[in-house]
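Scroll down for the structure; my scribbles are underneath it.
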Amino acid sequence: MTFMVPETNRIREGRQGTARNSGNNGAFLFRTQPGRAELFAVASDGMGWEHVSVSARVRCPTWEEMCWIKGIFWGQEDCVIQFHPPSSQYVNVHPNCLHLWRPIGKKILMPETWLVW
């Protein structure tokens, strides 16, 4: 499935603002449920990767929130990944931010399903 951005959630003004003609690049704001934290996402599709960073103001996003965001930007059957790089290559610009990645035009190698359960 194709990488897609939710135009209704695009931030259009201010420092993070972008217009529709920015394509899959921009910042987006989400509220998962009433009374829950807002999630801020930044999406891009350059240099061979589709990428969405997801953050909440006072905590890291939960597994359920990351799954929900993944389903907004990609299809339910698409495979995306979170990396845990070597310590020497670790970058932490925002303490409450997690990232989803998918290489463009390449299949992600996955273990057999029976190995994961």
Side-chain angles (χ1 to χ4, degrees):
M1 184 168 221
T2 343
F3 186 53
M4 54 201 160
V5 297
E7 288 299 329
T8 57
N9 296 84
R10 184 184 291 272
I11 297 172
R12 300 184 189 285
E13 297 179 8
R15 190 174 63 117
Q16 298 288 334
T18 56
R20 179 183 288 269
N21 66 2
S22 297
N24 292 330
N25 302 289
F28 302 84
L29 194 57
F30 301 91
R31 182 165 302 276
T32 58
Q33 297 172 356
R36 296 284 312 252
E38 285 184 334
L39 296 177
F40 178 72
V42 176
S44 61
D45 64 353
M47 300 183 69
W49 291 92
E50 297 166 339
H51 170 249
V52 177
S53 65
V54 185
S55 61
R57 200 174 299 264
V58 296
R59 60 170 176 77
C60 277
T62 65
W63 171 259
E64 290 80 15
E65 289 167 338
M66 292 300 285
C67 291
W68 184 69
I69 291 289
K70 183 261 183 186
I72 292 171
F73 286 89
W74 292 278
Q76 292 299 319
E77 292 301 310
D78 287 325
C79 180
V80 303
I81 51 182
Q82 288 183 268
F83 286 105
H84 292 262
S87 295
S88 62
Q89 296 179 29
Y90 188 71
V91 176
N92 186 6
V93 176
H94 188 296
N96 298 324
C97 187
L98 299 174
H99 300 265
L100 299 171
W101 297 89
R102 185 171 79 163
I104 297 171
K106 296 179 183 173
K107 185 176 179 180
I108 296 173
L109 182 62
M110 292 175 37
E112 295 295 328
T113 305
W114 63 268
L115 289 171
V116 180
W117 68 279

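What you see below is based on every heavy atom in this structure, not just the backbone, and it leaves out hydrogens, waters and symmetry mates.
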| task | Locate the shortest heavy-atom distance separating Ser44 from Phe3; write the atom from each residue and the value. | result | O-CE2, 3.5 Å
| note | Heavy atoms of Ile108 and Cys79 approach each other most closely as CD1-O, 3.2 Å
| task | Write out all pairs satisfying salt bridge (charged side-chain N to carboxylate O under 4.0 Å, His left out) with one or both partners inside residues 65-74, taking only residues at least two apart or from two chains. | result | Arg36-Glu65, Arg59-Glu65
| task | Tell me, please, which residues at least two apart from Arg15 pass side chain to side chain contact (heavy atoms under 4.5 Å, CB included). | result | none
| task | Would you mind reporting whether Phe73 and Asn24 have side-chain heavy atoms less than 4.5 Å apart? | result | no
| task | Please round to the nearest 0.5 Å and tell me the distance separating atom CE of Met4 and atom CD1 of Ile72. | result | 9.5 Å
| remark: ring-ring contact (aromatic ring centres under 6.0 Å, His included) filter on His94, not counting sequence neighbours, yields none
| field | Trp101 with Leu98, same ILVMFWY side-chain cluster at under 4.5 Å | value | no
| Listed partners of Glu7 passing side-chain hydrogen bond (donor to acceptor under 3.5 Å, both in side chains), at least two apart | Arg10
| said: Do Val42 and Val5 land in one hydrophobic cluster if side-chain heavy atoms of ILVMFWY residues count as linked below 4.5 Å? | reply: no
| His99 and His51 aromatic ring geometry - parallel, tilted or perpendicular at 30°/60° bounds | parallel
| Partner set under side-chain hydrogen bond (donor to acceptor under 3.5 Å, both in side chains) for Asn96, not counting sequence neighbours | none
| query | Which pair of heavy atoms, one from Asn25 and one from Thr18, lies closest together, and at what distance? | reply | O-OG1, 3.8 Å
| field | Leu109, CG: over 12 other non-hydrogen atoms inside 6.0 angstrom | value | no
| query | How about Phe28 and Val52: do any of their side-chain heavy atoms sit closer than 4.5 Å? | reply | no
| remark: All heavy atoms of Cys60 vs all of Cys97, minimum pair found to be SG-N, 4.4 Å
| Does CD in Gln82 sit with more than 12 non-hydrogen atoms of other residues, nucleotides or ligands closer than 6.0 Å? | yes
| What residues form a ring-ring contact (aromatic ring centres under 6.0 Å, His included) with Phe30, not counting sequence neighbours? | Trp68
